[in-house]
Colleague: 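Structure below; questions to follow.
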Amino acid sequence: MFTVQRRRSLMAAAAMTTASVLALAACSSDSAEDPETSATGGSTAGAGGSGEEVTLDFAFWGNDVRADMYTQSIDLFMEEYPNITVNSTFLDYPAFWEKRQTEAAGGGLPDVMQFDYSYLRQYSENGLLLDLGPHLGNEINTDGFTEQILGIGVVGDTTTALPISTNAWGVYTNPQLLESTGVADFAGGTWDDYKAWAAEVTEASGGEIFGGTDYTGRIQNFEIQLRAEGKNLFNEDGTPGFDEARLTEFWESGAEMRGDDGSGISQQRLEEIYPTSGFGAGLTASELTWDNFGAGYLGELGEDYTELGLVAPPVTVEGAKDLYQKPSMLHAIAQNTEHPAESAMLVDFLVNSPEVGAIFGTNRGLPASSAMRDGITFEGLDEQIRAYEESIADRLGDAPPVPLVGYGTLEEKFRVLGTELGFGTLSVEDAVSQFFGEMDVTLNS
Amino acid sequence: MSLKDFRVKDDADQERVTQPQPRFTRKQITTAIWFVALMSLTAIILYPLLWLFLSTFKDNSEFGSNQGLLPEDPTFDNYLKVFEGIAGVPMWRFFANSAFIAIMATFGTLLSSSMAAYAFARIKFKGVGIFFAAMIGTLLLPFHVVIIPQYILFNNLGMIDTYWPLILPKFLATEAFFVFLIVQFMRGIPREMDEAARVDGAGHVRTFTSIMLPLIQPALVTSAIFSFIWTWNDFLAPLMYITSPEKYPLPIALRLYNDQTSTSDFGATVTASFLALIPILLFFLVFQRFLVAGVATQGLKG
Amino acid sequence: MTSTVNRVADATETSTSAASAGSEVAAPGKRPKKPTTQRTRHWRENIAGYGFLAPWLVGFLGLTLIPMLYSLYLSFTRYNLFQPPQWVGFDNYIRMFTEDPNYTQSVKITLIYVLVGTPIKLAAALGVAMLLNYRDRGAGFFRSSFYAPSLIGASVSVAIVWRAMFSTDGPVDNTFSFFGFEIGGWVGNVALVVPMMILLAVWQFGAPMVIFLAGLKQVPRELYEAADMDGAGPVKKFRSITMPMLSSVVFFNLLLEIIGAFQVFAAAYIISNGTGGPAGMTNFYTLYLYKRAFSDGQMGYASAMAWTLVIVVAIIAAVLFRTSKMWVHYQGDSK
């Protein structure tokens, strides 16, 4: 009897469902319009702010160390502008974005946000970020920025974000491990030179440590090879700058660094030490990565380490401008802010103030604004990173187009396929076809 | 509903213990085997927790390089760092926030879920079947797809950055798990027990409070334990609704020592999560004592 | 004193007859002196029913139902969280089954996780609960110890500990080596990741254990004492007293653990840092759904995944409810 009753109930529930769908469709468009509706109330305050009591919400991602730095900086800002109160909130990176995605859908983004390059196009194209154009040169001082760096935050023809800092691709090396194996630091050269060098380190250590990690797992290495050949990873129109053959060639070139007998650390070993990285655990002597990861590595390696090597990545084509400066972070203002002028003042303070620079050092990457750089006494690793970005000036080209919507998905897919190649659970051929399949779905949806 | 109602004397138990045992030695042997078996199981089950505890004395650089049980160079730095708090918010604040939310949520869950369960298990009213099916139905949908509509709802109610979105649903029995759990226990209670009360002229309210609630003590204790612990550990709801760091509960605070984009302090992370365990372990220790034979067992004696 | 077995049989019979009596449980003969008509009694029951159900009803209609129905609607749309949803009919459902290898892989490992993990976890929980129920003195310590692993929240600490346990030369590897099985570390072995996740679930068996314990506490002790006098062995006692008396709780745990296993999320998210790796072996259904919704901005597709899961689990639940008539005994059933 109970079951009969249940079945009837389920059917009734199904009927209720159909009836409500139409009503809900209406709700959805309402919520999507929210940001625009409230935005019309903004843009009244003129340059320099209105001087009235204003409260701003400010969100950033980071750990406890960065949170302390922001707290100090915000205190300085509120001292300087006593009429503005800033409520800051912070989370770790994945949680930060999950919350922003929900707020974006539900209409409640904070006024000012620390922003990531990979989400910039999505938020900009959907009209969620304020056009900073009217504020550049007014509330926001742009004297300290090069044209190239200002251009990084432009989507379409609109500046929707301002880079806080830049980073560039590089090779970190571990001086202590190299000393113990007696191999000299990587002196530059081709990708083959790099592989030979890594193999030498692995061999010299007797397999205790490894020369590096299979670099074909990172899409950035593929990108700089493509750039050296005069192509983009992805073009402005969303088409890829490579074909199946090129990707196959790239993945096949990493073969000797993979597997249990490879010259690179095995994927198995990397899984076991997660969440530490191979380089951070002192198991690999080199790592191709963004230059702002140095501080993290030093923290993971512990007190015995005070310095790391930082050299330029292998060369694909001699003389090519394959490297570029990427914003490690940006600041953006929500389209729905009620106080655009005051928000712009906060952004200006956080990207330009030498005092803020003195607090952060290179915690957020190498500051993009020279005004902020002037506030920093570069020492140790900070100085190394600054000098590195200067040293690669010859290889620095224009930044590629702002990552397309779904770039994060593709980057992650690329990384996952790389690990599968490392495990040997997938052939290069299958990996290539899976990646093109994912591109199809992501780029066309 | 106070704790007093839970504390029911366990006569059956005491009798058993004080009674002279006829076959003394055999009983002793069984008990010894029982003890040894459980001890070995305990050792296996607790080993990872012991590992976690000892790793609170490891320096951050040992994570990744030393996966053994003992720290190479024991340090208290992790504790010192955790007690410093995060960005000006003292650590005790996160504990207090979590405790407040968990206590309110547990109270709300017990009250609303036991009421709903009584309606489902003991009252014949129109629509009971539909609602029961709907209640089970709410268990089946992965909650990730309702996050956004619920956020919009609470945003429109102006409840963002308050504890209302975390507590209000508990007073409205939205966790079907508890309703269904209590229903199942109520259906395990002989019907004659409350029928008798009803015959004596007691209404549903009195039958519920003075007959049913004492009878389902084990279910209520179980629900209280789970509700408290799960709320204590809940991450997603506070992530969505709480914005001010000084209102964060522990699960959000715990993640703030890690940043995949710069540095991570695993030593502080394990230490903070170990400290977060202690209050709920104490909560469990206290409440599991009420997990004893309820009055229901005496009911069948006659 | 009648034999225990008969007694339980009696109890069962009573409940079955009560069930078949349906809404006429309150037999006229039992009624108090004040004559009340059927009608007013129905009215009173309805008022009482809705009164007791009021908080749940408000929550269901106000907080749960609308978001649920909205997600059902979204499953027929393309919705990237930013633009209004666009109606696409069954496209999401079709794509899921025909052109998404990740989906197929995710379904496969989730099914293994449910089919293998749930029975092991429930057996462990029931076994330990019965062991614990044997004696009350000292049981508090053991209860707490066994529940302790279930206290850990979804923190990266779980990932750190669990990976350490299953690494090369970690305790698990060493134990197997001691018995002559050289299988190496589990964490980095694609074939052993799902078993490792199942063991994590089994390790956290505290919740069903406590529910079983609470259920065992409701079994009248004198039933066992009587059976002892009848000379019944442990197996007979388990089959004719424990199982029938515990069946409603077993049913609850079975249903809820199956639902929980299908929806496993936190463990996979923490262990893999949200990636579902290595090689997609922790990309369980709900984790994959979550990634599609929040990382890839495909909320329509994720909703379609969610409702596919609802249908599958609803069918399983319906089958369980239907068969439960045969093996679940309710003392005071009214349904």
Side-chain angles (χ1 to χ4, degrees), chain B residues 12-13 34 38 42 45-46 48-49 51-52 67 112 115-116 118-119 123-126 138-142 144-146 149-150 169 172-174 181 184 187-191 199 204 218-219 222 229 233 235 251 254 258 269-270 273 277 280-281 284-285 288-289 291-294 296-297 300, chain C residues 18 23 32 45-46 48-49 52-53 55-56 58-59 63-64 67-68 70-71 131 134 136 140 142-149 151 153-157 160-161 164-165 167 170 210-211 213-214 217-218 220-221 248-249 252 259 263 286 289-290 293 302-303 306 310 313-314 330-333:
Chain B
D13 224 35
W34 176 83
L38 284 181
T42 306
I45 287 176
L46 288 190
L49 290 182
W51 190 96
L52 183 69
Q67 298 198 323
S112 61
M115 281 173 66
Y118 182 78
I123 308 179
K124 303 290 315 171
F125 62 97
K126 239 187 151 115
T138 62
L139 280 170
L140 307 182
L141 189 70
H144 301 101
V145 292
V146 298
Q150 275 184 346
L172 300 176
T174 49
L181 177 74
Q184 287 302 88
R187 291 161 120 199
I189 302 290
R191 216 179 166 79
V199 171
H204 277 301
T222 309
I229 291 168
N233 282 333
F235 168 72
L254 291 183
N258 290 302
T269 304
V270 291
S273 29
L277 272 186
I280 38 178
L281 185 61
F284 184 85
L285 273 170
Q288 59 86 24
R289 298 178 53 212
L291 266 185
V292 291
T297 52
L300 281 191
Chain C
S23 57
E45 291 294 288
N46 278 342
F52 273 90
L53 206 58
W56 178 84
V58 172
L63 299 177
T64 319
M68 274 181 84
Y70 184 56
S71 76
L131 267 179
Y134 167 77
D136 271 352
F142 290 122
R143 272 180 206 165
S144 309
S145 306
F146 295 153
Y147 194 81
L151 294 171
S155 142
V156 74
S157 304
I160 295 173
V161 174
M165 294 302 116
S167 288
V210 166
I211 296 171
L213 256 178
K217 293 297 170 199
Q218 275 198 346
R221 265 219 152 90
S248 63
V249 173
F252 175 85
I259 294 175
Q263 294 183 4
T286 311
L289 175 162
Y290 167 84
S303 301
V310 168
V313 183
Y330 293 118
Q331 292 276 314
D333 201 351

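These numbers were taken from a predicted model, which means no experiment stands behind them. First the proteins, then the strands, lettered A, B, ... as listed; each starts at 1.
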Colleague: Given the options Ala219(B), Ser112(B), Ala173(B), which has more heavy-atom pairs under 4.5 Å with chain C than any of the others?
Modeller: Ala173(B)
Colleague: Under 4.5 Å, counting heavy-atom pairs only, tell me which of Thr222(B), Val146(B), Ile45(B) racks up the most with chain C.
Modeller: Ile45(B)
Colleague: How are the rings of Phe284(B) and Tyr147(C) set relative to one another: parallel (under 30°), tilted (30 to 60°) or perpendicular (over 60°)?
Modeller: parallel
Colleague: Relative to chain C, which segment of Phe235(B) carries a heavy atom at a distance below 4.5 Å: side chain, backbone, both, or neither?
Modeller: neither
Colleague: Identify the heavy atoms of Ala119(B) and Phe52(C) that sit nearest to each other, and give their distance.
Modeller: CB-CB, 3.7 Å
Colleague: Any idea which heavy atoms bring Leu52(B) and Ser157(C) closest together, and the distance?
Modeller: CD1-CB, 3.9 Å
Colleague: Please give me the minimum heavy-atom distance between Gln288(B) and Gly140(C), naming the atom from each residue.
Modeller: OE1-CA, 3.4 Å
Colleague: Quick check: closest heavy atoms across Lys124(B) and Glu45(C), and the distance to 0.1 Å?
Modeller: O-CB, 3.2 Å
Colleague: Any chance you could measure Trp56(C), atom CH2, to Thr174(B), atom OG1, to the nearest 0.5 Å?
Modeller: 11.0 Å
Colleague: Quick check on Gln263(C) against chain B: is it the side chain, the backbone, both or neither that has a heavy atom closer than 4.5 Å?
Modeller: side chain
Colleague: Leu141(B) versus chain C, heavy atoms under 4.5 Å apart: side chain, backbone, both or neither?
Modeller: both
Colleague: Tell me, for Phe142(C) versus chain B, whether the close heavy atoms (under 4.5 Å) come from the side chain, the backbone, both or neither.
Modeller: side chain
Colleague: Counting only heavy atoms closer than 4.5 Å, note whether Met68(C) contacts chain B via side chain, backbone, both or neither.
Modeller: both
Colleague: With a 4.5 angstrom heavy-atom cut-off, is it the side chain or the backbone of Ala48(C) that approaches chain B, or both, or neither?
Modeller: both
Colleague: Does any heavy atom of chain B fall under 4.5 Å from the side chain of Leu151(C), the backbone, both, or neither of them?
Modeller: both
Colleague: Which one of Leu140(B), Thr138(B), Leu277(B), Leu254(B) has the most heavy-atom pairs closer than 4.5 Å to chain C?
Modeller: Leu140(B)
Colleague: Using 0.5 Å steps for rounding, measure from the CG atom of Leu38(B) to the CZ atom of Arg143(C).
Modeller: 11.5 Å
Colleague: Of the non-hydrogen atoms in Ala148(C) and Leu49(B), which two are nearest, and what is the gap between them?
Modeller: CB-CD1, 3.5 Å
Colleague: Enter the distance from Ser71(C):OG to His144(B):NE2 here, rounded to the nearest 0.5 Å.
Modeller: 13.0 Å
Colleague: Report the option among Val313(C), Val161(C), Ile259(C) that has the most heavy-atom pairs separated by less than 4.5 Å from atoms of chain B.
Modeller: Val161(C)
Colleague: If I measure from the heavy atoms of chain B, does Ile160(C) come under 4.5 Å with its side chain, its backbone, both, or neither?
Modeller: both
Colleague: Under 4.5 Å between any side-chain heavy atoms of Ser248(C) and Arg187(B), yes or no?
Modeller: no
Colleague: Flag the one option from Pro251(B), Ser273(B), Pro142(B) with the top tally of heavy-atom pairs under 4.5 Å to chain C.
Modeller: Pro142(B)
